[in-house]
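These numbers come from a predicted model, not from an experiment.
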Amino acid sequence: MGNKTLHQPLLKIMLVISIAWMSFMAFPALALGEVYYKASDEPSSVEAPDARAYVSGKHMVWMEDDERGISQVFYRSLETGETRQITTSDSSKTYPVVSSTSHGVIHAAWLDRRTNGVGTGGWAVWGMDISEGTETQLSSQPGSISRLSLDGDDLVWYESADYKMYHYSFITKNETQLGNGRTPLIAQGNVLYMNLSNGGLSLYKLETAQTYSVLSVPSNQFIMNAAFNGTKAIIKQSDAEFRTKMVVLDVSDPGKPVSRDLTPQTKKNNEYSQIFIGNQSAAWVQDQGGYPQLNGVNLVRNETFAIEQGDSAINAYAFVQDQLVMKNGSGKIAYRTMTRIETFPSAGSGGVPVVSKSNVSKMIGTDGGVIEALDGAVTLSIAKGVMTSSANVNLKLEQETDNWPLTNKGNGHRQFVSGIWSITGIEGNHPGNVQLSFSYDPIALTLLEQRKLLVYRFDDISHTWIRVNGQIVNGKLTANIPGSGVYALLINDVSFRDTGGHWAQNVIEPLAARDIVNGMTERDYAPDALLTRAQFVKLLTASMGELPSGKKSAFSDVQANHWAAGWIGKAAELGLIEGSEGYFNPDEALTREQMIVMLARAMGFEQTGRLSETEVKKELTYADAEAISSWARVAAAFMSQNGLIEGSEGQLKPRQTSTRAEAAAVIYRFLNQQQRL
């Protein structure tokens with residue numbers, strides 16, 4: 001009940017839900033603190049089918065081949081697990097739907113090409129009372145029927161050849177023509193459909209036979225998909241260039257409909273049709289930086305939140321009231337509830353916010369422990385051996401933030417994505433591992449912006465925020481921290497005017513956010529310029545978390561006033577470079593094989609990665625493998641084996657020079673493999 005969609009989604013498996021929040025009609029990075037949504041699961045013992053399925057209430061139907069290999073409609077109770085095959089004919093069938101009434105009657109319907117006296121000119125609508133088990137043809141004649149919508153005793157469909165809409169009542173057993181329109185959805189006696197006059201949406205009330213225009217769209221816009229619960233709808237709207245947005249529509253008073261945009265209208269890499277709606281919640285799948293993401297909205301408070309990212313984002317079944325039905329990792333049906341957590345009261349307290357669960361203290365001993373604030377949105381993990389004796393460790397969200405000002409430098413623009421958190425009670429110079437994790441809202445950030453998220457520590461001496469870096473793990477940004485101090489999650493939104501739209505933008509800018517790469521000027525990176533040996537040494541050494549050396553250079557052609565002298569000195573100390581006859585040639589263009597050798601040394605291949613000649617030949621299958629210098633062959637094989645270099649059109653091109661963009665891409669892969677991004 002209450003989960004009617006214009007297009008049946010592809011249904012697979014839903015796994016974990018991120019804890020996040022986003023305010024309605026706001027799209028910047030948001031701070032943790034006021035409101036977020038937390039997931040909780042209610043498992044069941046009922047098996048979920050492998051096939052695509054339609055869920056309504058505690059009932060499920062799907063298509064599956066019988067023992068003869070003929071596709072049939074199957075039904076399963078999500079309460080008892082009872083399963084039955086409800087069709088047996090040899091005819092083609094598709095689009096099964098199910099719904100139950102307030103009297104406990106369960107109806108199923110589907111499209112069927114069964115002849116049975118009506119010819120083979122198209123699909124006919126067939127149905128069944130599940131308890132009786134008798135199949136009945138519901139539509140008076142076959143046609144080009146493509147979608148069904150069922151709610152209780154009411155079933156609607158439309159004929160795509162002439163755009164006539166039909167209603168069938170399981171009570172009166174009558175078929176009635178409703179008028180002209182497309183893709184009707186029925187809920188609570190109301191039919192929402194695409195009208196033919198302006199491409200917008202209209203509402204037809206079965207009880208009064210009245211029609212209302214409830215959503216108009218501009219001439220260059222059209223409705224792609226929608227879900228409807230009887231009073232509210234969530235809609236995907238597109239323009240002629242397929243820039244899409246999500247819209248929520250309130251038709252509780254059809255004479256005065258209200259619509260609001262949930263998302264900005266943007267061009268996306270991929271489009272998804274999955275939309276679900278419950279009583280007070282709805283969800284949809286949209287592209288987020290090239291990946292599917294399931295997003296939710298609280299229809300009462302107009303707050304949106306992220307639910308799931310990645311392939312599993314397309315695998316929800318439906319809402320049952322406001323629980324999301326899904327298939328868990330064990331192949332069973334599960335129900336997921338998103339609970340709204342409000343940590344700041346909206347009013348009262350004399351203007352002073354009263355924060356709950358944001359000032360947490362815990363006695364931590366030598367075995368370590370975990371402290372969670374905001375119900376896990378911020379987590380402090382202290383490993384065994386960090387504490388030499390038991391002590392009270394405190395994790396606190398600071399309310400007065402003037403003592404920790406945020407300043408920007410260069411072309412970066414830093415923004416808080418979390419509140420400012422102070423940690424006390426951890427000893428300095430501890431021997432173990434301390435990790436600080438922040439949840440964040442991926443719906444409010446593009447994939448590129450997420451790559452620029454970093455944990456920062458406020459330095460009391462310089463009065464600036466210093467990077468601690470960190471990596472995204474299970475939807476959280478997690479960093480190893482030195483111990484007590486003041487921390488925050490920030491986005492360092494570095495950009496260059498010549499990288500926007502460049503193929504390497506998604507690797508250059510995140511590296512610049514970490515001060516691993518720099519522009520040729522403050523505003524320009526010069527991605528297609530040739531890379532020098534000195535530039536790559538600086539890039540590689542900085543990516544390893546090292547600082548420039550203060551020692552005198554060992555190379556005759558690297559003077560103390562050379563801009564990269566300290567970086568070259570550090571690289572020599574680390575064994576990354578050797579030079580030739582006392583020279584390094586810092587300003588010469590870097591070749592691909594020189595880059596490969598430096599990267600391989602950074603990965604420690606000379607200590608642990610030595611390959612046999614057989615292994616080397618196996619890896620170096622490039623057409624120009626013979627052109628690789630003898631001193632670079634083993635390193636090239638090692639890097640190829642580890643997936644850090646790739647050929648182009650079957651060639652490695654070892655003597656070819658590299659661009660600054662290509663070097664950034666290699667370093668990004670290097671750091672990603674080392675799990676340092």
Side-chain angles (χ1 to χ4, degrees), residues 2-7 9 21-28 147 149 181-188 190-204 212-268 270-288 292-307 313 316 318-319 322 441 443-444:
N3 191 32
K4 312 303 173 186
T5 59
L6 292 180
H7 294 282
W21 72 281
M22 177 180 171
S23 64
F24 183 70
M25 291 294 291
F27 309 108
R147 292 290 185 268
S149 178
R182 295 177 295 156
T183 325
L185 304 175
I186 187 162
Q188 299 182 22
N190 295 324
V191 181
L192 184 73
Y193 64 94
M194 298 183 192
N195 61 53
L196 304 181
S197 59
N198 59 19
L201 295 176
S202 294
L203 184 78
Y204 179 89
Y212 303 84
S213 177
V214 292
L215 181 68
S216 298
V217 297
S219 59
N220 67 334
Q221 304 263 334
F222 60 95
I223 304 298
M224 294 184 69
N225 196 7
F228 183 49
N229 67 8
T231 57
K232 291 186 178 181
I234 182 168
I235 301 151
K236 176 183 276 191
Q237 184 174 322
S238 176
D239 64 12
E241 297 181 15
F242 288 95
R243 291 176 296 198
T244 58
K245 65 178 178 179
M246 302 304 299
V247 178
V248 64
L249 172 66
D250 188 337
V251 294
S252 52
D253 181 353
K256 297 179 181 179
V258 177
S259 65
R260 296 181 182 179
D261 289 354
L262 282 176
T263 68
Q265 191 160 25
T266 59
K267 182 76 173 179
K268 302 174 180 66
N270 300 289
E271 289 295 345
Y272 301 91
S273 63
Q274 291 91 332
I275 302 179
F276 314 105
I277 194 165
N279 292 345
Q280 298 181 356
S281 303
W284 70 97
V285 179
Q286 76 174 39
D287 182 277
Q288 185 80 13
Q293 178 166 293
L294 182 64
N295 301 321
V297 58
N298 181 319
L299 294 172
V300 176
R301 297 180 177 271
N302 294 324
E303 295 166 348
T304 63
F305 46 87
I307 297 176
F319 276 105
D322 287 298
D441 185 1
I443 192 175

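- When side chains are defined from C-beta on, Gln221 counts as touching Asp239, because their heavy atoms get closer than 4.5 Å.
- When all heavy atoms of Lys245 and Val247 are compared, the pair lying nearest together is CE-CG2, 3.9 Å.
- Expressed to the nearest 0.5 Å, how far CH2 of Trp284 lies from OG1 of Thr244 amounts to 11.5 Å.
- The nearest pair of heavy atoms linking Ala283 to Leu294 is CB-CD1, 4.0 Å.
- The two atoms that bring Leu249 and Ser259 nearest to each other are CD1-CB, 4.0 Å, heavy atoms only.
- Among all heavy-atom pairs drawn from Ile277 and Ala282, the shortest one is CG1-CB, 3.9 Å.
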Verdict with supporting geometry, Leu215 and Ile223, side-chain contact (heavy atoms from CB on, under 4.5 Å) = CA-CA 10 Å; Leu215 181 68; Ile223 304 298; 4.1 Å; yes

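- Taking the side chain as every heavy atom from C-beta outward, Asn295 and Thr304 never approach each other to under 4.5 Å.
- Within the 3.5 Å criterion, the main-chain N or O of Ile186 finds a donor-acceptor partner in the side chain of Ser149.
- Rounding to the nearest 0.5 Å gives a distance of 9.5 Å between OG1 of Thr231 and CD of Gln280.
- Distance alone, capped at 3.5 Å, is enough to place a donor-acceptor pair between the Asn195 side chain and the Gly199 backbone.
- Counting heavy atoms from C-beta outward, Phe319 and Ser281 have side chains that approach closer than 4.5 Å.
- Annotation: the span from Lys232 atom NZ to Asp250 atom CG amounts to 5.0 Å, rounded to 0.5 Å.
- Using a distance-only test at 3.5 Å, with no hydrogens or angles considered, a donor-acceptor pair links the side chain of Asn229 to the main chain of Gly278.
- Here the closest heavy-atom approach between residue Pro184 and residue Tyr193 is recorded as CA-CB, 3.9 Å.
- Looking at Val251 and Asn190, their side chains never come closer than 4.5 Å, going by heavy atoms from C-beta outward.
- Of the possible polar contacts, one joining the Thr263 side chain to the Met246 backbone as a donor-acceptor pair under 3.5 Å is found.
- The side chain to side chain contact (heavy atoms under 4.5 Å, CB included) test with Val214 is passed by exactly one of Val258, Asp253, Leu203: Leu203.
- When every heavy atom of Ile275 is checked against every heavy atom of Ala227, the shortest pair comes out as CG2-CB, 3.5 Å.
- Gln265 CD to Phe242 CZ: the interatomic distance, rounded to the nearest 0.5 Å, is 12.0 Å.
- When atom types are taken as modelled, the side chain of Asn225 and the backbone of Ser273 share a donor-acceptor pair closer than 3.5 angstrom.
- Within the structure, salt bridge (charged side-chain N to carboxylate O under 4.0 Å, His left out) pairs that include any residue of residues 271-287 comprise Lys236-Glu271 (at least two apart or interchain).
- By the 4.5 Å heavy-atom criterion applied to side chains, Tyr272 and Gln286 are not counted as neighbours.
- Between Val297 and Leu262, the closest side-chain pair of non-hydrogen atoms falls below 4.5 Å.
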